[in-house]
Amino acid sequence: LRDCTFIGCDFDGARFDEAALERTGFVGGSAVDSSWRGSRLTAAGLLDCKLTRANFAGASFAQTTIAKAELDQAIFGSAKFFESCLLNCSFDSIDIAGAELRNSAVMGADLRRSSIDGVVCDTVLLAQCDLTDRDLRSLRLARVNLTEAKLDRANLSGVDLSGAILARASLIKANLSRITAPSAVLASADLRGADLSRAALPNAIFQGARLAGANCDVATLEMAVFAEADASAASFRGALLHYAQFHHAAVEHADFSGARFLRTDFHCARAEGAVLAVHSGDRLETDLARAIGELYDPKRVRPPQERR
């Protein structure tokens, strides 16, 4: 099928197996219990359709959009998505095990009861998705964007999150131990009580993150940025913190026992009660002149010519 548009059509139980659909659209119709196994959808659209229990196993999607569709109990096992997106769909109990998503987007999906084992994600947007309590250890998540995702108590132990973006994500009590995530962005993320022990997070951004009570023992955090983060009562025992920045961070009662510092910067950090008996290295304390300079607000200081 090529250059076709089906509006409000009833395809319940229809079979599209091995079909090639190019620039074909399905709008406002129903395809409950339909079969699309091995089909190839290119520049296609499934908009506001009812696709409950539809079977897309082994299908390929290229530059295709599925939006506002009912996908409850649908099957996408081993499907391949390239430059495609699934937006604002219902995903209750869908099966996407073994699927590949590359340069694609899945927005606002509730995946708490879905089958997701072995999913491969490369440069994928999973913003605002709910993966609470999920075991994600079998997933490949390099360069994934999980902005504002819900990952409370999720198990990501050992997962490759290189270059991942988890800005404003909720990771309360999540297991992030032994992850590989260089240059990951966790700005304003909620990591309270999370386990980041032995994680590899060089150059990671934790600016404004909430890390109270987090376990960062023996983590690699070279050049990581914790500016304005709340790491009170967090544990950094044995962590590698060369050139890490804790500007204006709260590290009250944090434990840095045995940590390795090298020009680790605690400028204006609040460190009351923190244990700073480090294994080696030095740290930078508050620079008073710099602190005063940071209070300067150009909006409140009129140039000389305006004072006359």
Side-chain angles (χ1 to χ4, degrees), residues 96-101 106 109-206 209-222 224 226 229 231 233-241 244 254-260:
I96 55 173
E100 295 183 18
L101 296 91
V106 180
D110 185 345
L111 300 170
R112 289 175 295 174
R113 294 189 292 180
S114 300
S115 178
I116 56 177
D117 292 341
V119 171
V120 176
C121 295
D122 189 348
T123 319
V124 172
L125 176 63
L126 295 173
Q128 301 176 345
C129 289
D130 193 342
L131 290 156
T132 302
D133 292 312
R134 295 307 308 264
D135 187 341
L136 307 175
R137 289 176 294 175
S138 67
L139 275 60
R140 291 165 56 186
L141 297 170
R143 295 173 294 279
V144 69
N145 187 330
L146 285 157
T147 296
E148 296 184 357
K150 297 179 181 178
L151 292 152
D152 297 340
R153 299 175 299 280
N155 189 349
L156 287 148
S157 179
V159 171
D160 182 2
L161 286 162
S162 301
I165 299 174
L166 295 107
R168 300 185 300 282
S170 182
L171 292 143
I172 298 172
K173 295 185 177 179
N175 185 352
L176 299 161
S177 62
R178 301 179 183 275
I179 62 169
T180 300
S183 303
V185 177
L186 295 115
S188 301
D190 192 341
L191 291 147
R192 288 175 295 170
D195 182 1
L196 293 98
S197 60
R198 299 185 181 277
L201 287 155
N203 302 293
I205 306 297
F206 292 92
R210 302 169 71 183
L211 290 142
N215 178 6
C216 300
D217 292 350
V218 202
T220 300
L221 293 160
E222 291 179 284
F226 293 89
S235 179
F236 293 89
R237 290 178 295 181
L240 180 61
L241 289 160
D255 188 354
F256 291 90
S257 299
R260 286 167 288 174

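Between Asp152 and Lys173, none of the side-chain N atoms (NZ, or NE/NH1/NH2) sits under 4.0 Å from a carboxylate O, so this pair counts as no salt bridge.
Between Arg134 and Leu111, the shortest heavy-atom contact is NH1-O, 2.6 Å. Listed here is the closest heavy atom pair of Leu191 and Ala214: O-CB, 3.7 Å. Taking every heavy atom of both residues into account, Ala184 and Leu201 meet most closely at CB-CD2, 4.4 Å. Minimum interatomic distance between Ala189 and Leu166 (heavy atoms only, all atoms of both residues): CB-O, 3.6 Å. Minimum heavy-atom separation, Cys216 to Ala239: O-CB, 3.7 Å. Here the shortest heavy-atom pairing between Ala154 and Leu136 reads CB-CD1, 4.3 Å.
Here Leu176 contributes atom CG and Leu196 contributes atom CG; the two are 5.0 Å apart, rounded to the nearest 0.5 Å. With rounding to the nearest 0.5 angstrom, the CD1 atom of Ile205 is 7.5 Å from the CG atom of Asn203. Atom OG1 of Thr132 is separated from atom NZ of Lys150 by 6.5 Å, given to the nearest 0.5 angstrom. Taking CG of Leu151 as the reference point, atom CG of Leu131 lies at 5.5 Å (rounded to 0.5 Å). A distance of 8.0 Å separates CG in Leu126 from CG in Asn145, rounded to the nearest 0.5 Å. Here the straight-line distance linking atom CD1 of Ile172 with atom CG of Asp190 works out to 4.0 Å at 0.5 Å rounding.
Contact check for Leu139 versus Val144: no side-chain heavy atoms found under the 4.5 Å cut-off. Annotation: side chain of Asp217 is in contact with side chain of Ser235 (closest heavy-atom distance under 4.5 Å). Using a 4.5 Å heavy-atom threshold, the side chains of Leu101 and Val119 count as touching.
By the 30° and 60° cut-offs, the orientation of the rings of Phe236 relative to Phe226 is perpendicular.
In terms of the side-chain hydrogen bond (donor to acceptor under 3.5 Å, both in side chains) criterion, residue partners of Ser197 (sequence neighbours excluded) are, by chain and number, Asp195. Taking Ser188 as the reference, nothing meets the side-chain hydrogen bond (donor to acceptor under 3.5 Å, both in side chains) condition, with sequence neighbours excluded.
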Item checked: side-chain contact (heavy atoms from CB on, under 4.5 Å) assessment of Ile165 paired with Leu125 -> CA-CA 9 Å; Ile165 299 174; Leu125 176 63; over 6 Å; no
Next item on the list: For Ser157 and Arg137, run side-chain contact (heavy atoms from CB on, under 4.5 Å): C-alpha distance rounded to whole Å, both residues' side-chain angles, the deciding distance at 0.1 Å, then the answer.
Entry: CA-CA 6 Å; Ser157 179; Arg137 289 176 294 175; 4.3 Å; yes
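Within a 6.0 Å sphere centred on CZ of Arg198, heavy atoms belonging to other residues, nucleotides or ligands number 12 at most.
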